[in-house]
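Below is one structure, written out as structure tokens; the observations come after it.
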Amino acid sequence: MGEYSPYITTVEVKNYALCPMIVYYTHVLHIYEPETEAMKIGREIHDKPPIAPIIPKLKATKILKEIQLESKTLKLRGKLDTIIITKHNEYIPVEVKWSDPTPAGKAQKHHKAQLTAYALLIEENYKTTVKRATIYYARAGKIITINITNTDKKQVKQIINKIHEMIATEKEPKIKPN
């Protein structure tokens, strides 16, 4: 088996939710995707996330930017674009994505998994409960607020456990092709 770092990232949770093979390729086989033009644009958007339209919608009283979070219990790390704290002391993770929502106008499943992972990190680090998150799809100019349920949190914890197990055992995940 290869060298295994005990921490994974929220991006890996997102990638696993999209396709488990992505995490297998990067962590077990050490094959990395070359940077595309869309990735470059996305990184530039992350460097200066355009969250101005979100602030009044969520009635923010405090904004935390580029927050590095870590969970010792989940062995998970992530750097969140923004946390908005409302007047009711609600913590809302906000991510900016240079992509589009689903054709139905909903958050993409793997983006919701990443935001749920951020919710778990916020809960552990700020001793609060996160009930919703917001995604700003910059290319589409669309703001989507999603509910984060206990079921979502349980599913993401399962993903985190599967990733840790896959990396530790170097076992290829069984997937069903679309």
Side-chain angles (χ1 to χ4, degrees), residues 1-33 39 42 46 64 66-84 90-137 143-178:
M1 281 189 253
E3 189 177 311
Y4 174 57
S5 171
Y7 281 81
I8 61 169
T9 69
T10 55
V11 172
E12 290 158 337
V13 171
K14 176 191 72 151
N15 288 342
Y16 190 94
L18 179 62
C19 176
M21 291 302 292
I22 297 170
V23 179
Y24 179 75
Y25 289 142
T26 57
H27 274 283
V28 177
L29 301 180
H30 305 287
I31 299 171
Y32 302 94
E33 180 180 13
M39 289 174 173
H46 268 108
L64 308 175
E66 296 186 21
I67 306 299
Q68 187 73 41
L69 298 170
E70 184 175 288
S71 166
K72 289 184 171 126
T73 57
L74 297 172
K75 301 293 185 214
L76 179 69
R77 290 186 177 127
K79 185 175 182 181
L80 183 55
D81 291 343
T82 307
I83 299 173
I84 289 181
E90 179 185 9
Y91 285 64
I92 303 171
V94 177
E95 269 292 289
V96 177
K97 299 292 182 190
W98 181 252
S99 61
D100 296 308
T102 67
K106 305 254 185 213
Q108 292 188 36
K109 182 181 107 176
H110 58 291
H111 293 157
K112 184 173 183 177
Q114 183 181 22
L115 278 161
T116 303
Y118 282 128
L120 293 168
L121 288 171
I122 291 168
E123 288 180 348
E124 185 172 320
N125 283 270
Y126 293 97
K127 307 297 182 230
T128 188
T129 301
V130 177
K131 295 181 181 177
R132 60 184 174 148
T134 297
I135 304 171
Y136 178 56
Y137 286 105
I143 299 168
I144 298 176
T145 298
I146 56 173
N147 292 324
I148 306 268
T149 66
N150 288 333
T151 301
D152 296 326
K153 293 172 189 175
K154 183 178 176 183
Q155 288 171 343
V156 166
K157 285 178 182 177
Q158 289 171 344
I159 288 173
I160 292 165
N161 289 335
K162 286 177 185 177
I163 293 171
H164 283 299
E165 182 180 334
M166 177 183 64
I167 294 170
T169 65
E170 297 185 350
K171 187 174 176 185
E172 185 175 332
K174 292 187 185 347
I175 61 167
K176 297 177 190 170
N178 284 348

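In this text, all values refer to a predicted model and were calculated from it rather than measured experimentally. Just so you know, residue 1 is the first one in the sequence shown, and it goes up from there.
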I need the minimum non-hydrogen distance between [X] and [Y], along with the two atoms involved.
| X | Y | value |
| --- | --- | --- |
| Tyr16 | Ile159 | CD2-CG2, 3.5 Å |
| Pro101 | Ile144 | CB-CD1, 3.5 Å |
| Ile83 | Tyr126 | CD1-CE1, 3.9 Å |
| Ile148 | Ala119 | CG2-CB, 4.2 Å |
| Ala117 | Val13 | CB-CG1, 4.2 Å |

Treating [X] as the side-chain partner and [Y] as the backbone partner, does any N or O pair qualify as donor plus acceptor under 3.5 Å?
| X | Y | value |
| --- | --- | --- |
| Asn125 | Ser71 | no |
| His111 | Glu95 | no |
| Glu66 | Lys79 | no |
| Tyr25 | Pro20 | no |
| Glu123 | Val130 | yes |
| His164 | Leu74 | yes |
| Glu124 | Lys72 | yes |

Look up atom [atom1] in [X] and atom [atom2] in [Y], then write down how far apart they are to the nearest 0.5 Å.
| X | Y | atom1 | atom2 | answer |
| --- | --- | --- | --- | --- |
| Leu80 | Leu115 | CG | CG | 7.5 Å |
| Arg77 | Thr10 | CZ | OG1 | 11.5 Å |
| Met21 | Asn15 | CE | CG | 13.0 Å |

- Task: Verify the neighbour count for atom NZ of Lys153: are there more than 12 heavy atoms of other residues, nucleotides or ligands below 6.0 Å?
- Result: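 Above 12, so yes.
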- Query: Tell me, which pairs form a salt bridge (Lys or Arg N to Asp or Glu O under 4.0 Å) where one or both residues lie in residues 104-121, sequence neighbours left out?
  - Reply: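 Non-adjacent pairs meeting salt bridge (Lys or Arg N to Asp or Glu O under 4.0 Å): Lys112-Asp152.
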